[in-house]
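Naming convention: chains lettered A, B, ... in sequence-line order (proteins, then strands); numbering from 1 in each chain. Note that the structure is a prediction, hence the values are computed from the model and not measured.
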Protein chains: 2
Amino acid sequence: MGGVNRTRSGAGSDPRSRTRGGPGQAGANLLVVRSHNTALVLDLLRTAGSEGISRLELAERTGLTPQAVSKITARLREEGLAAEAGRRASTGGKRATVLRLVPEAGHAVGVHLDRDELRAVLVDLDGRVVAERRAELDLGAGATAVVGALAETAGELIADGGDALLGVGVAAPGPLDHDHGVLHRVTGFPEWDGFPLRDALAERLGVPVVVDKDTNAAALGLAVGGEGGSFAYLHLGTGLGAGLVIGDSVHRGPRTGAGEFGHQVIQLDGPPCHCGNRGCVEALCLAAVDRAEPAEAARVLGAGAANLAGLLDIDQVLLGGRTIAAAPEIFVRGVAAVLDERARREGALGTTVPVRLVPGGDRTVAEGAAQLLLAPLFGRANG
Amino acid sequence: MGGVNRTRSGAGSDPRSRTRGGPGQAGANLLVVRSHNTALVLDLLRTAGSEGISRLELAERTGLTPQAVSKITARLREEGLAAEAGRRASTGGKRATVLRLVPEAGHAVGVHLDRDELRAVLVDLDGRVVAERRAELDLGAGATAVVGALAETAGELIADGGDALLGVGVAAPGPLDHDHGVLHRVTGFPEWDGFPLRDALAERLGVPVVVDKDTNAAALGLAVGGEGGSFAYLHLGTGLGAGLVIGDSVHRGPRTGAGEFGHQVIQLDGPPCHCGNRGCVEALCLAAVDRAEPAEAARVLGAGAANLAGLLDIDQVLLGGRTIAAAPEIFVRGVAAVLDERARREGALGTTVPVRLVPGGDRTVAEGAAQLLLAPLFGRANG
DNA sequence: CCCACTTTCGCAACGCTGTTGCCAAAGTGC
DNA sequence: GCACTTTGGCAACAGCGTTGCGAAAGTGGG
């Protein structure tokens, strides 16, 4: 079986991977080519799902020769990551063999660390949830207690996952450093400032750990789940944030600071926001919600979304979060109205930016967190 | 000599380059590796400038082995793109041979097509301006007349450039389609809507032509010119626009629509803008300029810049354009003040985003337009 | 039923990439 | 003058995708 672990140890033995220091860009060698093409094929296998995909189709889609695809898939089958799954009907010649991903060849744990609860899932290579845990949590109870609870919950799921476990992804609210896995000011919980969550958890569990913002995790999950192109995931809950996917990969910025959508000023010298500034979208939007004026809240949110759409020229806006879920129709229509109006003003050029409710329920963030470990296998850049 | 043309014909003979259709991503083969590494080395040679750089230094910076660098540079020297340029002092052993780019091995023409004038430059591989033309122009005079003037001016410079000419880059105002080189509504000149500028000019001149927005060209020029990381170039002239560089490459978005900074709403239901909306940064900012309140204009611009910095987590804001040039100090200080204030609110995390005046004079856009052809040689993505 | 044709796909040889092992050249420093 | 360090080229090598070729397994016409 071997599964995904063998692949990883193979890649890890590359003496040159991540050896470079300083500002230099990475030169490519044959190992890079190999892992790039392998990831491409794996991604197509994953996308094909239970339907499967033939070797020649893989060749067409990747631009590689059929022979190269044969070699790559042979390796994947040997490693247990891919398998033959029947044959397709003939189109005038030999019937094509259908290949599919073996989902059980690898697993990852995704944890959504929220202010008042902990939600963890174990997912397979297909991204399907295999097991789930949930626990109440008090982020203010201190690092030791929280990390303990986190490790315990994740540990239970790891035990279920067998030996092909890629690691644990943790999605947390508030500013943090994705590259180093360190939390910054979690709003309202100053004691977390600077806490090295990734290393603490990795040492405790003995598996790789990746930390990211909740909105980024959600956006990654959506991107891997099939949302193509560039899009913004806007999350309206107790706060307002965004996850940006630009060209199939999550845009975090050099300091994991990107996506600070809520404190975009759309009302110069407007009402004060808890952040200290005035006229932030978050303040205006939530105030409208409090006044029981969801249509106005949607209009405000739409204005922010339109600004973002203009700046980045994205393909889609996805809405999610508890507050959205309370009145989904109103928000989708309200935001769409602002974007449609903007497209109308732009004339022929302005294809309107579609607005949709985020598919999936309240496990979105936890599933996305698991993708922090899975996505790199499929060539989805992670930093 | 050969120069850059031989390299291009070599790459063009790749039967698989750009053959793929549909949504598939590109598989990598050895030709891709070769051109990637070659571009990496060329970029380092270019960055090193007249100082030059040794083979071992190239190896360190690229992560390639010294032997690979030797092979690559040998090829470049054979093609006339690189040359030895003396020796460095010893550090305890054999003295290192210094290599440098041969700037004359390739040229490109950059044209800044503005509303009332035409500005064209011929630059070498180093990006240095070798020749320059300038002409008055009336964008409203119709496509035939304008393309004629454009072709004539560019043609004169092409004649100066010898045989190693990569092509012509054209930077134009207003919305356009970079991928297809088609103009959209140039504000105030509806007759240009849908005009295939790239193909018209390419046929006329018989050389490759690339078209882009003026702000994108300027941003590309700045990125190639040495501005590292991610930054936003804000251009305040008769209008207000932005060019975004994210991770060393220009972000245009799928429809070349990114960077629409001016019509970002920062004053909900504010004063009407000529675009049909209300409270756009451009309207507020230019109104303040008209009222002779540059400090207020800078504050408004700063608010927009802060929104952008928060959304994208960029490293730097660069200011340019005629209106900025009229009161540079006030604008730089005013915008910086807003960003500093924002960083202060963010606390320890908030490294402030530096604001600078764009270096170089009013040739910035034309030089950037030339980089539309040069940058791909150095591995700077162009799409 | 047979034969020509198409489609799928693997084996073997190949070309080209960066890598490794080795050695010569050219310096420094004792 | 000798030991050592640094630079960098030559040659052999491993591994990538590619090409040439042929076997296997279908379809379809006579």
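Candidate nucleotides C:dT19, C:dG27, C:dC9 were compared by shortest atom distance to the side chain of B:Ser90, and C:dG27 ranks first. Of the candidate nucleotides D:dG8, D:dG17, C:dG10, D:dG17 has the atom lying nearest to any side-chain atom of A:Ala68. Set against D:dG8, C:dT19, D:dG15, the side chain of B:Leu30 has D:dG15 as its closest nucleotide.
Judged purely by atom type and a 3.5 angstrom limit, A:His251 uses its side chain to pair as donor or acceptor with the backbone of B:Leu312.
In terms of phosphate contacts, B:Asn37 brings no side-chain nitrogen or oxygen within less than 4.0 Å of OP1 or OP2 of C:dT17. The phosphate of C:dC9 has OP1 or OP2 within less than 4.0 Å of a side-chain N or O from A:Arg55. The side chain of A:Thr91 places no N or O atom within less than 4.0 Å of a non-bridging phosphate oxygen (OP1 or OP2) of C:dT7. Applying the 4.0 Å criterion to OP1 and OP2 of C:dT8, one finds that A:Ser54 has every side-chain N and O outside that range.
To the nearest angstrom, C1' of D:dG26 lies 14 Å from CG of A:Leu56. Atom CZ of B:Arg75 is separated from atom C1' of C:dT17 by 9 Å (rounded to the nearest Å). As rounded to whole Å, 12 Å separates atom P of C:dT8 from atom CG of A:Leu58. The nearest whole Å value for the distance from the CZ atom in B:Arg95 to the C1' atom in D:dT5 is 16 Å. One atom, CG of A:Leu40, and another, P of D:dC16, lie 16 Å apart when rounded to the nearest Å. Here the C1' atom of nucleotide C:dG10 and the CD1 atom of A:Ile72 are 15 Å apart, to the nearest Å.
In summary, B:Arg252 and B:Asp212 engage in a salt bridge, as defined by a charged side-chain N under 4.0 Å from a carboxylate O. Look at A:Asp315 and B:Arg255 and you find a salt bridge, because one of the NZ, NE, NH1 or NH2 atoms lies within 4.0 Å of a carboxylate O, short of that distance. The pair B:Glu84-B:Arg55 meets the salt-bridge criterion, with a side-chain N (NZ, NE, NH1 or NH2) lying under 4.0 Å from an Asp/Glu carboxylate O. A salt bridge does not link B:Arg198 with B:Glu203: none of the charged nitrogens is closer than 4.0 Å to a carboxylate oxygen.
Heavy-atom nearest nucleotides on DNA chain D were determined for A:Arg87 and for A:Pro66, and the one closer to the 5' end corresponds to A:Pro66. Remark on DNA chain C: of its neighbouring residues A:Arg77 and A:Lys71, the 5'-side contact belongs to A:Arg77, judged by nearest-heavy-atom nucleotide. Nearer the 5' end of DNA chain D, as judged by each residue's closest nucleotide, is the contact made by A:Arg34, out of A:Lys94 and A:Arg34. DNA chain C is contacted by both A:Thr73 and A:Gly93; A:Gly93 maps to the nucleotide lying nearer its 5′ end (nearest heavy atom per residue).
For A:Gln67 against C:dG10, a side-chain N or O and a base N or O form a donor-acceptor pair under 3.5 Å.
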